[in-house]
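These notes are about the structure you will find just below.
Every heavy atom of this structure was used, including side-chain atoms; hydrogens, water molecules and symmetry mates were not. In this text the structure is predicted, and so the values were computed from the model without any measurement.
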Amino acid sequence: MRAGLIQLSSSDIPADNLRDVLGYMHQAKAEGAGFVLTPEVTNCVSNSRSHQKSVLQHEADDITLAGIRDAAAKLGLWVLIGSIGLKTGDEDGRFANRSFMISPTGDIVARYDKIHMFDVNIDAQESFRESAGYRPGEQAVVADTDFGKVGMTICYDVRFPQLHRALGHAGADIITGPAAFSPVSGAAHWHVLLRARAIETGCFVLAPAQCGKHSVSTGKPRYTYGHSLAVAPWGEILADGGEEPGLTMVDLDLAKISEARGRIPTLTHDREFTRPKGMAE
């Protein structure tokens with residue numbers, strides 16, 4: 001199975017970002033892809049909540065979702081929309097950070113709302129409070145496709161192996177990890193975290209990423225790490241998208257999943273255990 005990982009440097013103008021995605025989708029189809037993936041916050045990268053309120057839409061009205069669904073149907077592609085920011089109607093005004101699996105008929109096969117919120121202080125220059133603008137999801141999701149089962153995660157979720165373990169136990173063959181990773185933490189942790197998640201589950205991990213300096217009309221500039229990755233179940237990096245926007249193609253031999261799990265079948269070796277004293281339930 002051939003996959004195409006789209007690496008973007010999304011602006012805060014959804015229509016411009018959609019134009020870029022559609023171009024890469026056509027390129028991926030021409031290069032033989034059957035599955036195309038976009039990064040986290042495909043529709044809008046912004047540090048301004050007021051700007052997000054002015055340009056983000058509810059799911060039923062979102063132009064990015066509608067445009068990608070239409071293109072998926074015309075091109076006959078499976079598409080993982082890494083995530084888009086969406087209005088929710090919640091009383092506190094927070095958005096959803098939602099990933100979609102789209103079928104070659106343009107239908108929504110699965111939705112996943114990011115569970116783990118990026119509330120961190122990386123250094124004196126970079127701090128994030130994702131939970132101030134986005135509500136966390138609560139449901140882990142495995143999508144059924146005609147090439148296998150796909151466990152869906154988003155960005156900061158990569159630091160929580162228990163989620164990936166649950167996806168592996170639920171039958172995932174591939175785990176998606178679309179991201180808009182910080183350059184500082186990306187340089188330190190991105191490659192090793194994704195390799196670890198592949199090794200411990202025996203899954204392929206596909207992680208399309210945002211990259212570079214993002215063009216934003218309001219608020220402080222935003223930078224992301226790039227390096228969209230495809231990792232094999234044994235932990236080998238099959239492809240790295242580097243630091244610039246573009247399309248990274250990778251061929252996946254799905255027989256490698258059973259091969260890796262047969263060599264070290266950790267998903268069959270889980271045991272219940274008593275937690276250390278003092279650990280919260």
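Under 4.0 Å is where a charged nitrogen must lie from a carboxylate oxygen, and between R195 and E236 no such pair does. Using a cut-off of 4.0 Å between Lys/Arg side-chain N and Asp/Glu carboxylate O, R98 and E59 are scored as salt-bridged. Taking a cutoff of 4.0 Å between a charged side-chain nitrogen and a carboxylate oxygen, K149 and D173 do not qualify as a salt bridge.
Of all heavy-atom pairs between E200 and P161, the closest is OE2-CB, 3.4 Å. A96 and D113 get closest at one heavy-atom pair: CB-OD2, 4.0 Å. Heavy-atom minimum distance, A140 versus L167: CB-CD2, 4.3 Å. Minimum interatomic distance between A209 and P39 (heavy atoms only, all atoms of both residues): C-CB, 3.4 Å. The two residues M249 and G4 make their nearest non-hydrogen contact at SD-CA, 3.7 Å. Nearest heavy atom pair, residue A207 against residue G177, reads CB-O, 3.3 Å.
Counted by atom type alone, S10 and H214 present zero donor-acceptor pairs between their side chains at under 3.5 Å. Donor-acceptor pairing under 3.5 Å is recorded for the side chains of S83 and N97. When only modelled atom types and interatomic distance are considered, S46 and Q52 share no side-chain donor-acceptor pair under 3.5 Å. There is a side-chain donor-acceptor pair under 3.5 Å between H169 and D270. Side chains of Q210 and S9: a donor-acceptor N/O pair is absent below 3.5 angstrom, by distance only.
The main-chain N or O of M117 is never found under 3.5 Å from a side-chain atom of S131 such that the two would form a donor-acceptor pair. Counting only distance, with no hydrogens or angles, the side chain of N17 and the backbone of S11 share a donor-acceptor pair below 3.5 Å. Remark: side-chain polar atoms of D90 are not paired, donor with acceptor, to backbone N or O of D92 under 3.5 angstrom. Put simply, the side chain of W234 never gets that close to the backbone of I199: no donor and acceptor are under 3.5 Å apart. Side-chain N or O atoms of T224 include one that pairs as donor or acceptor with a backbone N or O of C211 at under 3.5 Å. Side-chain N or O atoms of Y225 include none that pairs as donor or acceptor with a backbone N or O of S228 at under 3.5 Å.
In this structure the side chain of H189 never reaches within 4.5 angstrom of the side chain of S182, judged on heavy atoms. Within the 4.5 Å cutoff, the side chain of R159 has no heavy atoms near those of the D157 side chain. Taking the side chain as every heavy atom from C-beta outward, I6 and Q27 never approach each other to under 4.5 Å. Side-chain contact between D12 and V55 is absent, with no heavy atoms from C-beta onward closer than 4.5 Å. Side chains of T42 and T64 form a contact here, defined as non-hydrogen atoms less than 4.5 Å apart. Taking the side chain as every heavy atom from C-beta outward, Y24 and L8 approach each other to under 4.5 Å. Annotation: side chain of I174 is not in contact with side chain of T145 (no heavy-atom distance under 4.5 Å). Within the 4.5 Å cutoff, side-chain heavy atoms of D119 are placed close to those of E130.
In this structure, K256 NZ and R261 CZ are separated by 15.0 Å, a value rounded to the nearest 0.5 Å. For the atom pair CD1 of I257 and CZ of F204, the computed distance is 5.5 Å after rounding to the nearest 0.5 Å. Rounding to the nearest 0.5 Å gives a distance of 10.0 Å between CG of L194 and CG of L206. With values rounded to the nearest 0.5 angstrom, Q7 atom CD is found 12.5 Å from L37 atom CG. In this structure, CG on L229 lies 6.0 Å from CH2 on W190, to the nearest 0.5 angstrom. In this structure, CG on L65 lies 5.0 Å from CD1 on I81, to the nearest 0.5 angstrom.
V141 and M101 fall within the same hydrophobic cluster, where Ile, Leu, Val, Met, Phe, Trp and Tyr residues are linked whenever their side-chain heavy atoms come under 4.5 Å apart, directly or through other members. Transitive grouping of hydrophobic side chains (ILVMFWY, heavy atoms separated by less than 4.5 Å) keeps V142 and V79 in distinct clusters. Tracing side-chain contacts under 4.5 Å through hydrophobic residues (I, L, V, M, F, W, Y), one reaches V120 starting from V184; they form part of the same cluster. One hydrophobic cluster holds both L5 and I154 under the rule that ILVMFWY side chains link at heavy-atom gaps under 4.5 Å. In terms of hydrophobic clustering, with Ile, Leu, Val, Met, Phe, Trp and Tyr side chains grouped at heavy-atom distances under 4.5 Å, I68 and I13 are assigned to different clusters.
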Does the pair N43 and L56 meet the rule for a side-chain contact (heavy atoms from CB on, under 4.5 Å), with working shown? CA-CA 8 Å; N43 62 334; L56 298 187; 3.6 Å; yes

After noting the C-alpha distance and the side-chain angles of D240 and H191, does the key distance pass the side-chain hydrogen bond (donor to acceptor under 3.5 Å, both in side chains) rule? CA-CA 10 Å; D240 184 325; H191 290 74; 2.9 Å; yes

Steps toward side-chain contact (heavy atoms from CB on, under 4.5 Å) verdict (D62, L86): CA-CA 8 Å; D62 186 78; L86 294 169; 3.8 Å; yes

Chi angles and distances behind the side-chain contact (heavy atoms from CB on, under 4.5 Å) call for R165, T266: CA-CA 10 Å; R165 194 83 179 163; T266 58; 3.5 Å; yes

Assess the residue pair R135 and T88 against the criterion (side-chain contact (heavy atoms from CB on, under 4.5 Å)); give the C-alpha distance rounded to whole Å, side-chain angles, the decisive distance to 0.1 Å, and a yes or no. CA-CA 9 Å; R135 68 179 192 192; T88 63; 3.6 Å; yes

Report the C-alpha separation of D251 and R2 in whole Å, then their side-chain angles, then the decisive distance to 0.1 Å, and conclude whether the salt bridge (charged side-chain N to carboxylate O under 4.0 Å, His left out) test is met. CA-CA 4 Å; D251 291 312; R2 175 166 286 189; 2.7 Å; yes

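Between F35 and F147, the ring planes lie tilted relative to each other; the angle falls in the 30° to 60° range.
Just one of F160, Y134, Y156, F181 meets the ring pair (Phe, Tyr, Trp, His ring centres under 6.0 Å) condition when paired with F118; it is Y156. Results of the side chain to side chain contact (heavy atoms under 4.5 Å, CB included) test with W78 over V36, V109, V150 single out V109 as the only residue that passes.
The environment of E138 atom CD is sparse: at most 12 non-hydrogen atoms of other residues, nucleotides or ligands sit within 6.0 angstrom. Counting non-hydrogen atoms of neighbouring residues, nucleotides and ligands closer than 6.0 angstrom, the NE2 atom of H26 reaches no more than 12 such neighbours. More than 12 heavy atoms of other residues, nucleotides or ligands lie within 6.0 Å of NZ in K87, so this atom counts as buried by the packing criterion.
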